[in-house]
Amino acid sequence: MSLDMLRDKAGERRVVRSRLAVVSVILVLVFGAILGRVAYLQIVEHEQLTKRSQDNRIRLAPVDATRGLILDRSGQTLAENRPAFSLTIVPEQVADMDALLSELDALIDISEAERAAFAEARARSRSFQEIPLRLQLSEETVAELAINRHRFPGVEVRPRLARHYPYGQVGAHVVGYVGRINERELRQGDPNQYRSTSLTGKAGIERFYEPRLQGKLGIEHIETNALGRSIATLERRPPTPGEDIQLTLDIELQRLAEETLGDYRGAIVALDPRDGSILALASRPRFDPNALSRGIDQDTLDALNRDVTQPLFNRAIAGRYPPGSVVKPFLGLAGAAGGHINPNETLYCDGTFQLPNVSRVWRDWKPEGHGHVDLTQSVAQSCDIYFYELANDMGINAMHEWMSRFGYGQATGIDLPGERAGVMPSRAWKRETRGEPWYTGETINTGIGQGFTLATPIQMATSTALIANRGRPIRPQLLADREALSLGPTIEPVELADEAYWQHAWNGMIETVHGRRGTARRLGADLDFRMAGKTGTAQVVGIAQDEEYDEETLDARFHDHALFTAFAPVKDPRIAVAVVVENGGSGSQTAAPMAKTVIEAWLSRTDG
């Protein structure tokens with residue numbers, strides 16, 4: 001072998017050794033880096049990585065609080081929570097939401113309303129939060145989902161408590177219902193009480209006392225597997241349940257009041273004049289709160305809102321009606337206290353009234369008139385001419401001032417959402433609201449509770465209690481715990497220069513029921529107690545002065561409204577009632593018997 005060949009082999013060995021050395025150094029560095037990284041992760045980053053690992057394994061889930069119960073005055077449950085199952089979806093565990101919903105739809109028939117509510121809640125929620133698709137599942141649906149569970153990753157059937165109203169439609173306008181929280185309610189609500197999928201009160205007591213009924217959320221630490229399904233609950237901070245609410249409402253009297261209205265549209269309000277406790281607050285037509293709480297489709301909801309009978313509308317606190325002749329005891333009081341009339345003097349009623357130099361003739365409801373009537377008989381017989389004269393003498397501003405003192409034109413402050421104030425007109429009111437001057441003829445119409453005057457049934461009942469209390473006002477209230485609300489009346493006590501004027505108003509209302517010529521004398525024929533009341537009939541459409549009101553030829557929509565207000569018993573008033581029957585015709589024939597039914601039922605129970 002030549003010297004050159006030996007040199008070449010030696011050179012190659014040197015090259016190989018040098019390369020091996022370089023590779024060894026690189027390997028040492030790489031392994032050193034790996035070991036250093038492992039050491040860094042194990043020692044320096046240990047706590048943080050452990051937390052991340054736990055976060056991947058453990059999911060935080062809010063726990064809804066148990067909603068407080070709603071009870072009537074005797075402890076009957078009006079709103080409760082029943083065990084149910086809901087279908088929920090965790091969006092981050094679903095690869096194709098549209099495909100999943102389509103598969104579920106083929107299995108359990110998902111409505112458009114459910115899809116829309118789910119999409120809205122999903123837009124407000126984080127991807128790892130469970131979002132309900134259906135709030136209540138039937139047993140058959142739960143079984144179907146259990147069998148097909150493997151097909152639906154991210155889908156869970158969860159036990160929950162569903163709101164239920166044992167009395168159904170009875171008292172629905174008072175109790176209200178719950179529904180899914182919307183974005184505005186979520187923004188305004190306490191974050192400790194609500195999440196994007198919570199239910200919240202939408203009407204009635206459920207809405208008014210929502211902060212007390214709702215309770216506060218709890219938290220669960222849930223261990224999950226690689227598919228995100230729950231394995232176990234590791235830790236739980238229990239929610240704070242909502243408070244139970246007891247009402248002054250008597251559910252059996254409420255049922256009776258609603259049944260008494262029958263197929264009529266209208267309202268009946270019954271309260272205790274001594275403290276304003278609401279005994280019954282009926283509004284017809286009604287609705288089913290259970291259907292609304294479960295969630296109804298948009299078409300059904302639209303149909304309810306378009307319904308001309310307005311079943312969702314609480315007529316007892318928001319329906320505004322011309323009070324008609326039920327204002328006469330109040331105007332008589334105002335006239336006497338203001339020096340415009342002597343309550344003992346008589347006026348001759350021939351059935352007609354005219355203003356000087358005015359051709360129009362205002363007629364009494366009784367064409368031949370009532371003859372000589374004083375204040376007591378003008379109220380008892382509901383003489384329009386007496387009050388036309390009184391209104392013309394007082395003028396609209398004095399009438400406005402006095403009637404406002406009796407609560408007309410104002411909200412009562414009842415603890416329900418949606419109450420509307422009535423209207424007690426004045427010159428200033430008409431100028432501000434209509435941009436028009438006031439005319440004397442409008443004063444005459446106001447004297448019998450027509451024209452622009454409007455009142456709600458709750459306001460009429462509250463004002464009736466004011467007369468029963470001889471000027472002491474009350475604030476109507478549904479919450480049995482009066483100290484918890486601690487709100488006073490919205491008007492001041494009415495003090496008169498001569499307390500005897502109250503007796504004149506009482507006498508007129510007593511004679512209405514028990515007098516020989518009272519408009520509700522048939523009502524008092526078989527009563528076991530004495531009742532003070534006032535009939536009212538309010539025109540819906542105007543009748544020309546040369547025409548007569550003919551109910552048989554007039555469309556039912558334009559029949560007069562029937563009204564009646566009363567308190568009883570006279571010696572110790574324990575109930576005050578206001579009845580308004582839309583298009584019911586005569587107050588004495590339609591509304592008065594309804595009031596009698598409710599009053600007799602209540603007194604027969606409380607007398608025992």
Side-chain angles (χ1 to χ4, degrees), residues 322-396 398-399 402-403 440-451 453 501 503-522 524 532-539 542-549 560 562-565 586-589 592:
S325 294
V326 300
V327 304
K328 289 175 179 175
F330 299 96
L331 283 174
L333 266 173
H340 300 281
I341 57 170
N342 181 332
N344 297 311
E345 289 183 355
T346 61
L347 173 148
Y348 184 75
C349 167
D350 64 1
T352 61
F353 171 82
Q354 274 186 283
L355 289 168
N357 304 316
V358 175
S359 60
R360 176 179 174 178
V361 178
W362 279 266
R363 301 186 183 279
D364 194 277
W365 68 268
K366 188 176 182 181
E368 67 274 21
H370 300 271
H372 291 280
V373 290
D374 59 8
L375 177 57
T376 295
Q377 286 303 314
S378 69
V379 171
Q381 299 179 44
S382 203
C383 174
D384 292 334
I385 305 304
Y386 187 97
F387 290 94
Y388 289 150
E389 293 278 5
L390 175 56
N392 186 46
D393 187 62
M394 289 184 67
I396 188 58
M399 292 167 63
W402 274 99
M403 294 300 286
T440 304
E442 294 167 338
T443 301
I444 307 306
N445 292 334
T446 305
I448 59 167
Q450 292 281 171
T453 309
Y501 294 145
Q503 192 59 48
H504 285 287
W506 275 48
N507 291 342
M509 296 178 72
I510 293 169
E511 283 289 302
T512 296
V513 178
H514 300 281
R516 184 172 58 86
R517 302 178 68 184
T519 54
R521 57 188 177 277
R522 294 180 183 177
K534 184 68 195 80
T535 57
T537 303
Q539 284 186 353
I543 302 296
Q545 63 174 323
D546 57 347
E547 295 180 353
E548 290 186 4
Y549 175 80
D560 292 343
L563 303 97
F564 187 74
T565 57
S586 167
S588 59
Q589 294 179 15

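Just the heavy atoms: all of them, side chains too, but no hydrogens, waters or symmetry mates, feed the values below.
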Discussion item. Please tell me whether Q503 and N507 have a donor and an acceptor in their side chains that are separated by less than 3.5 angstrom.
Written reply: yes
Worksheet entry | Any donor-acceptor N/O pair, Q381 side chain to R517 backbone, under 3.5 Å | no
Worksheet item: So among T565, T512, T519, which one has a side chain to side chain donor-acceptor pair (under 3.5 Å) with T535?
Response: T519
Practice prompt. State the OG1-CD distance between T346 and Q377, to the nearest 0.5 angstrom.
Written response: 11.0 Å
Response to the item:
For P323 and G449 the tightest heavy-atom approach is CD-O, 3.3 Å
Worksheet item: Looking at side-chain heavy atoms only, is the closest gap between L355 and R360 below 4.5 Å?
Response: no
Discussion item. With rounding to the nearest 0.5 angstrom, report the OG1 to CE distance, T446 to M403.
Written reply: 10.0 Å
Worksheet item: Looking only at heavy atoms, what is the nearest atom pair of V373 and C383, with distance?
Response: CG2-SG, 4.1 Å
Item to complete: Measure across F564 and G587 and return the closest heavy-atom pair with its distance rounded to 0.1 Å.
Response: CB-O, 4.5 Å
Discussion item. R363 and side-chain contact (heavy atoms from CB on, under 4.5 Å): which single residue from T352, D384, I385 fits?
Written reply: T352
Discussion item. Measuring only between side-chain heavy atoms, which start at C-beta, is S378 closer than 4.5 Å to L347?
Written reply: no
Discussion item. Does Y386 form a side chain to side chain contact (heavy atoms under 4.5 Å, CB included) with V379? I'd like the steps, not just the answer.
Written reply: CA-CA 9 Å; Y386 187 97; V379 171; over 6 Å; no
Worksheet entry | Non-neighbouring partners of A398 that pass side-chain contact (heavy atoms from CB on, under 4.5 Å), sequence neighbours left out | M394
Worksheet item: Taking all atoms of both residues into account, what is the closest heavy-atom pair of S359 and Q354, and its distance?
Response: O-NE2, 3.4 Å
Worksheet item: Hey, are K366 and S382 close enough side-chain-wise for a donor-acceptor pair under 3.5 Å?
Response: no
Worksheet item: Are any side-chain N or O atoms of E389 and backbone N or O atoms of D393, one a donor and one an acceptor, separated by less than 3.5 Å?
Response: no
Worksheet item: How about M399 and L390: do any of their side-chain heavy atoms sit closer than 4.5 Å?
Response: no
Worksheet item: Quick one: are W362 and N445 in side-chain contact, heavy atoms under 4.5 Å?
Response: yes
Worksheet item: What pair of heavy atoms forms the shortest contact from A391 to G447, and how long is it?
Response: CB-CA, 3.7 Å
Worksheet item: Tell me, do S588 and T537 make a side-chain contact under 4.5 Å, heavy atoms counted?
Response: no
Worksheet entry | Rounded distance (nearest 0.5 Å) linking atom CG of L333 with atom CG of L375 | 7.5 Å
Fill in: Straight-line distance of R521 CZ to E511 CD, nearest 0.5 Å
11.5 Å
Fill in: Side chain to side chain, K534 and S325, heavy atoms closer than 4.5 Å
yes
Fill in: Nearest heavy atoms of F387 and K328, plus distance in Å
CE2-O, 3.3 Å
Worksheet item: Are any of the side-chain heavy atoms of T443 and I396 separated by less than 4.5 Å?
Response: yes
Practice prompt. With the side chain counted from C-beta on, respond yes when F353 and I444 share a heavy-atom pair under 4.5 Å apart, and no when they do not.
Written response: yes
